[in-house]
Amino acid sequence: MVLGRNFEDMCAQMYYRGKMFGFVHLYNGQEAVSTGFIKLLNQPDCIVSTYRDHVHALSKGVPARSVMAELFGKATGCCRGQGGSMHMFSEPHNVLGGFAFIGEGIPVATGAAFAAKYRHEVLKQSSPDGLDVTIAFFGDGTANNGQFFECLNMAQLWKLPIIFVVENNLWAIGMSHLRATSDPEIWKKGPAFGMPGVHVDGMDVLKVREVAKEAIDRARRGEGPTLVEAETYRFRGHSLADPDELRRPDEKSHYAARDPITQLKKYIIEQNLASEAELKNIEKKIDDVVEEAVEFADASPLPPRSQLLENVFSDPKGFGIGPDGKYRCEDPKFTQGTAQV
C-alpha cells in the first residue's frame with residue numbers, strides 16, 4: 001500500500017514538472033482494494049483495470065521502474081511507451097490492460113475467465129489449485145453501463161471464475177453516485193443474476209482481504225463469479241487536471257481520517273506485529289524504489305520512430321494502398337522494423 005501511495009505522489013510531482021502528458025488518474029486512498037485483492041492472486045491469474053491502473057499493475061508485480069517509464073512514454077516502459085498512464089499492460093504478469101472507456105475492460109475480463117474455464121475443463125491444463133481466476137476492477141459509474149449487466153449474466157450462466165470488483169469511490173468524475181443510480185447499493189445487482197453480492201469497507205485492507213479470499217477460493221473451485229462492492233474514496237481529484245471543487249470539504253476530511261494506510265499502521269502497532277522503526281524502514285525502502293524508478297525512466301530512451309506504426313496496420317509499410325495503387329508511405333526508413341512484428 002505504501003508503494004502505491006508513494007508512487008502516485010511521485011507521479012503528481014512528475015506530471016507538474018512536465019515529465020508526463022495527457023490525463024493521469026491517481027489511486028490515492030483506494031490502496032486497500034488493490035492490495036486486498038491482488039496480493040491473494042497467483043501469477044497465472046489475470047487482472048483487468050481502468051484508466052486508474054498504475055497501482056493495480058504494481059500490486060500484480062509489474063516493476064515500479066517499468067510503470068514509471070511507461071508514464072514517461074519511454075521505450076523501457078511495460079508497453080514500450082505506447083500505452084501511457086491509462087493503458088498499463090504486462091503479458092508476463094497477466095495484467096490485461098487499463099481501459100480508458102468505462103466498462104470496456106469488463107468483457108475482456110469475462111473472456112479471460114472463459115479461457116481459464118476452457119483450459120481447465122477442455123484442455124485439462126489448469127494448476128492443481130483449481131481454475132485460474134480473473135478480477136475485473138471498475139468504478140461506481142461503470143455499474144450503470146450495459147456491458148456490466150451482460151457480463152454478469154454470462155459469467156453466472158457459465159459459472160466463470162471471475163470476481164467483479166466495484167471500487168465505489170462515490171464519484172464518477174463529477175457526478176455523485178447517489179444522484180446517478182436508482183439503487184445506490186451496487187452489490188445487490190449480484191443476487192439479481194444468481195451470484196453472491198458483497199459490500200465491504202474498502203478503506204480497511206484486512207476486511208477487503210477477507211472478502212477477497214472467499215470470492216477467489218470460490219472461483220477456483222469452479223463455483224462461479226462474485227460481485228464485490230468496495231466502498232472507498234479517492235483523496236485527489238478525478239485526474240491531475242481536475243481542481244476537485246465539487247466534493248464538500250467535510251466529506252473529504254471524513255474519508256481522509258479513515259486513510260487505509262494509517263489504519264493498518266495503527267493496527268500493526270497495537271497488535272505488536274511490528275515496531276515503528278520497522279515500519280519506517282519499509283517507507284525508506286519504498287522511497288528508494290520510487291526514486292530509482294524515476295531515475296530509470298528519465299534516463300531511458302524514447303521509442304524509435306520506426307515503432308510508431310507497429311501493431312496498427314496489417315500492412316507492414318503502415319498506411320496501406322492508396323487510390324493510385326502505390327503505398328501511402330514510400331519512405332522505407334519511416335516504418336523500419338515493423339515488418340518483423
Side-chain angles (χ1 to χ4, degrees), residues 1-14 26-43 45 47 49 52-69 71 78 88 90 92-95 129 135 137 165 167 169 200-217 228 230-236 252-298:
M1 288 201 293
V2 172
L3 172 61
R5 177 70 57 86
N6 290 14
F7 187 93
E8 296 291 67
D9 285 343
M10 183 60 80
C11 284
Q13 285 186 47
M14 295 299 108
L26 301 186
Y27 198 73
N28 298 50
Q30 300 182 204
E31 297 89 355
V33 183
S34 181
T35 299
F37 273 94
I38 297 175
K39 288 299 175 187
L40 285 167
L41 297 179
N42 302 327
Q43 188 278 332
D45 297 325
I47 64 164
S49 186
R52 204 178 301 280
D53 58 352
H54 315 158
V55 178
H56 291 149
L58 293 171
S59 294
K60 194 64 166 72
V62 182
R65 52 173 22 205
S66 297
V67 179
M68 190 66 78
L71 283 156
C78 55
M88 294 294 161
S90 176
H93 300 90
N94 283 307
V95 177
D129 297 341
I135 300 182
F137 292 97
V165 179
E167 299 194 68
N169 61 25
V200 66
D201 178 1
M203 306 298 273
D204 186 329
V205 70
L206 300 179
K207 287 179 182 171
V208 172
R209 186 178 169 87
E210 188 180 343
V211 165
K213 187 174 188 316
E214 186 177 340
I216 290 167
D217 289 348
V228 178
E231 192 174 317
T232 182
Y233 202 76
R234 54 173 162 81
F235 291 165
R236 292 178 177 267
K252 292 186 208 177
S253 57
H254 168 73
Y255 282 97
R258 298 178 56 219
D259 185 319
I261 295 175
T262 307
Q263 280 197 98
L264 184 61
K265 268 187 193 170
K266 184 167 178 277
Y267 176 84
I268 286 170
I269 298 296
E270 285 174 356
Q271 300 295 317
N272 294 316
L273 299 172
S275 65
E276 286 272 12
E278 286 172 303
L279 296 181
K280 285 243 181 330
N281 280 341
I282 290 172
E283 288 172 18
K284 172 71 173 67
K285 188 173 109 181
I286 294 301
D287 284 341
D288 292 343
V289 168
V290 173
E291 286 289 344
E292 193 277 333
V294 170
E295 289 166 13
F296 173 77
D298 211 25

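Taking CD of Glu292 as the start and CZ of Arg65 as the end, the distance is 4.0 Å to the nearest 0.5 Å. From Ile135, atom CD1 reaches atom CG of Asp45 across 7.5 Å, with rounding to the nearest 0.5 Å. Rounded to the nearest 0.5 angstrom, Met88 CE and Leu58 CG are separated by 8.5 Å. Taking CG of Asn42 as the start and CG of Asp129 as the end, the distance is 6.0 Å to the nearest 0.5 Å. Note: Asn28 CG to Glu8 CD = 6.0 Å, rounded to the nearest 0.5 Å. One distance of note links CD of Glu31 with CG of Leu264; it measures 11.5 Å at 0.5 Å rounding.
Counting only heavy atoms from C-beta outward, the side chains of Glu291 and Met10 approach each other to under 4.5 Å. No side-chain heavy atom of Phe37 sits under 4.5 Å from any side-chain heavy atom of Glu167. Between Val33 and Phe137, some side-chain heavy-atom pair lies under the 4.5 Å cut-off. Contact of the Gln263 side chain with the Ile268 side chain is not registered, since no non-hydrogen atoms from C-beta on lie closer than 4.5 Å. A heavy-atom distance below 4.5 Å is found between the side chains of Leu71 and Phe7. Contact of the Leu3 side chain with the Val290 side chain is registered, since non-hydrogen atoms from C-beta on lie closer than 4.5 Å. Contact annotation: the side chain of Arg234 approaches that of Arg52 to within less than 4.5 Å [non-hydrogen atoms, C-beta and beyond]. Proximity of Leu26 to Phe235: side-chain heavy atoms (C-beta onward) are nowhere separated by under 4.5 Å.
With sequence neighbours left out, Ser34 forms a side chain to side chain contact (heavy atoms under 4.5 Å, CB included) with Tyr27, Ile38, Val55, His56, Ser59. For Asp53, there are no salt bridge (charged side-chain N to carboxylate O under 4.0 Å, His left out) partners two or more places apart in sequence or in a different chain. Taking Asp9 as the reference, Arg236 meet the salt bridge (charged side-chain N to carboxylate O under 4.0 Å, His left out) condition, with sequence neighbours excluded. In terms of the side chain to side chain contact (heavy atoms under 4.5 Å, CB included) criterion, residue partners of Ser66 (sequence neighbours excluded) are, by chain and number, Val62, Pro63, Cys78. With sequence neighbours left out, the side chain to side chain donor-acceptor pair (under 3.5 Å) criterion links Glu214 to no other residue. Contacts of Asp204 classified as side chain to side chain contact (heavy atoms under 4.5 Å, CB included), with partners at least two apart in sequence or in another chain: Asp201, Leu206, Lys207. Phe296 is linked by a ring-ring contact (aromatic ring centres under 6.0 Å, His included) to nothing, counting only residues two or more places apart in sequence or in another chain. Not counting sequence neighbours, Lys39 has no partner by the salt bridge (charged side-chain N to carboxylate O under 4.0 Å, His left out) test. The side chain to side chain contact (heavy atoms under 4.5 Å, CB included) test applied to Gln43 returns Asn94, not counting sequence neighbours. With sequence neighbours excluded, the residues forming a side chain to side chain donor-acceptor pair (under 3.5 Å) with Asp298 are Lys19, listed by chain and number.
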Would you list the atom pairs, donor with acceptor, under 3.5 Å between side chains in residues 281-289 and any protein atom, with sequence neighbours excluded?
residue: Glu283; atom: OE2; partner: Lys265; partner atom: NZ; Å: 2.7
residue: Lys284; atom: NZ; partner: Asp288; partner atom: OD1; Å: 3.1
residue: Lys284; atom: NZ; partner: Asp288; partner atom: OD2; Å: 3.0
residue: Asp287; atom: OD1; partner: Asn6; partner atom: ND2; Å: 3.0

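Judged as a salt bridge (Lys or Arg N to Asp or Glu O under 4.0 Å), the pairs with a partner in residues 269-282 (not counting sequence neighbours) are, in order, Lys266-Glu270.
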- side chain to side chain contact (heavy atoms under 4.5 Å, CB included) between Met203 and Asp259: does it pass, once the steps are laid out? CA-CA 7 Å; Met203 306 298 273; Asp259 185 319; 5.9 Å; no

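Residues Pro260 and Gly29 come closest through the heavy atom pair CG-O, 3.6 Å. In plain terms, the two heavy atoms of Val208 and Gly202 that are nearest each other are CG2-CA, 3.9 Å. Here the closest heavy-atom approach between residue Ala274 and residue Leu279 is recorded as CB-CD2, 4.3 Å. For Ala212 against Gly36, the heavy-atom pair with the smallest separation is CB-O, 3.6 Å.
The number of heavy atoms from other shown groups lying within 6.0 Å of CD (Glu210) does not exceed 12.
The closest donor-acceptor contact from the side chain of Lys60 to the backbone of His93 lies under 3.5 Å.
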